[in-house]
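Here is the structure we will look at, set down as structure tokens.
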Amino acid sequence: MTVVRMDNVGIVVEDLDAAIAFFLELGLILEGRMPIEGEWAGRVTGVRGQRVEVAMMRTPDGHSRLELSRFDAPAIASDHRTAPVNSLGYLRVMFAVGDIDDTLARLRKLGASVVDEVVDYENIYRLCYIRGPEGILIGLAQDLRAAD
């Protein structure tokens, strides 16, 4: 059996409201928000006694989702938010955007900052990494061929 699709990418945050606002400004759509707890949830994640609030965001095309989670219990085990891009493990999500300059201008108002600079890759893409709420690493890519 093969994979049908990638369902979502999960990011744990401290301030769920700020993270939702950031990803709404980026252009994602809030599908729903709900608490998750109970014995069944601990059996899935291996974190017994968890109390989590989850917000599911989706891209406008409906193909990709981002699950934002705030753990009320147990306490956060570790913090990887400021890890550099060459760290092991899951690190970033890359979003295709229509206009990288407009996107950056809107996200900067919510505290985002470019990690280094926006680069042009062979007149095919404009790319950058940004730090969003709580230092979350996000990639942005503008396909320059789409403007042709």
Side-chain angles (χ1 to χ4, degrees), residues 1-36 41 43-47 50-72 74-148:
M1 177 131 228
T2 61
V3 170
V4 175
R5 71 175 185 274
M6 186 183 81
D7 194 61
N8 68 67
V9 172
I11 299 176
V12 176
V13 298
E14 284 183 310
D15 187 338
L16 191 57
D17 293 326
I20 290 170
F22 179 85
F23 287 106
L24 285 171
E25 186 63 38
L26 182 59
L28 275 68
I29 298 157
L30 179 63
E31 284 191 330
R33 184 173 176 168
M34 64 184 289
I36 304 288
R43 290 195 344 257
V44 172
T45 63
V47 180
Q50 69 182 22
R51 283 191 330 276
V52 184
E53 186 174 6
V54 173
M56 189 63 74
M57 313 281 302
R58 76 170 159 76
T59 56
D61 66 3
H63 294 293
S64 303
R65 287 180 176 74
L66 184 68
E67 180 181 297
L68 302 171
S69 303
R70 184 193 72 234
F71 276 77
D72 295 324
I76 298 299
S78 60
D79 189 340
H80 305 285
R81 291 176 290 188
T82 58
V85 73
N86 61 338
S87 299
L88 294 174
Y90 295 102
L91 195 59
R92 65 140 176 91
V93 177
M94 176 74 74
F95 292 98
V97 297
D99 182 335
I100 204 166
D101 295 321
D102 174 67
T103 302
L104 287 171
R106 290 183 294 106
L107 296 180
R108 281 185 174 121
K109 293 176 185 174
L110 297 175
S113 61
V114 176
V115 170
D116 195 343
E117 62 183 281
V118 178
V119 299
D120 183 316
Y121 173 72
E122 297 184 2
N123 291 321
I124 299 171
Y125 286 101
R126 290 186 71 216
L127 305 161
C128 69
Y129 285 165
I130 63 172
R131 292 281 179 184
E134 302 179 35
I136 296 169
L137 188 62
I138 306 291
L140 300 176
Q142 177 184 348
D143 187 342
L144 297 174
R145 298 166 298 180
D148 293 342

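In this chain, numbering begins with 1 at the start of the sequence shown.
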- Query: Considering all heavy atoms of both residues, which atom of H63 and which atom of D61 are nearest to each other, and what is their separation?
  - Reply: N-OD1, 2.9 Å
- Over 12 foreign heavy atoms within 6.0 Å of CG, L88: no
Listed pairs under 3.5 Å, donor-acceptor, residues 6-23 side chains, sequence neighbours left out:
from, atom 1, to, atom 2, distance (Å)
D7, OD1, R5, NE, 3.4
D7, OD1, R5, NH2, 2.9
E14, OE1, R81, NH1, 3.2
D15, OD1, D17, N, 3.2
D15, OD1, A18, N, 3.0
D17, OD1, R33, NH1, 2.7
D17, OD1, R33, NH2, 2.9

- Query: Between G139 and M94, which heavy-atom pair has the shortest distance, and what is it?
  - Reply: C-SD, 3.2 Å
- Walk me through it: do M57 and I29 pass the test side chain to side chain contact (heavy atoms under 4.5 Å, CB included)? CA-CA 5 Å; M57 313 281 302; I29 298 157; over 6 Å; no
- Query: Roughly how far, to the nearest 0.5 Å, is CD of E53 from OG of S69?
  - Reply: 9.5 Å
- S64 versus V93: any side-chain heavy-atom pair under 4.5 Å? no
- Distance-minimising heavy-atom pair for A41 and Q50: CB-NE2, 3.1 Å
- CG of L68 to CD1 of I136: how many Å apart, nearest 0.5 Å? 7.0 Å
- Query: OG/S87 to CZ/R92 distance, rounded to the nearest 0.5 angstrom?
  - Reply: 13.0 Å
- Query: Quick one: CG on D143 to CZ on R126, what's the gap to the nearest 0.5 Å?
  - Reply: 12.5 Å
- Task: Scan I100, V115, I138 and name whichever one has a side-chain contact (heavy atoms from CB on, under 4.5 Å) with I130.
- Result: I138
- For the atom pair OG1 (T59) and CG (L28), what is the distance rounded to the nearest 0.5 Å? 6.5 Å
- Message: With rounding to the nearest 0.5 angstrom, report the CG to CG distance, L140 to D99.
- Response: 11.0 Å
- Message: I need the minimum non-hydrogen distance between N123 and D120, along with the two atoms involved.
- Response: N-OD1, 2.7 Å
- Looking only at heavy atoms, the pair that brings G27 and P60 closest together is O-CG, 3.3 Å
- Task: Could you pull out the closest heavy-atom pair between T103 and L26, with the gap in Å?
- Result: CG2-CD1, 3.6 Å
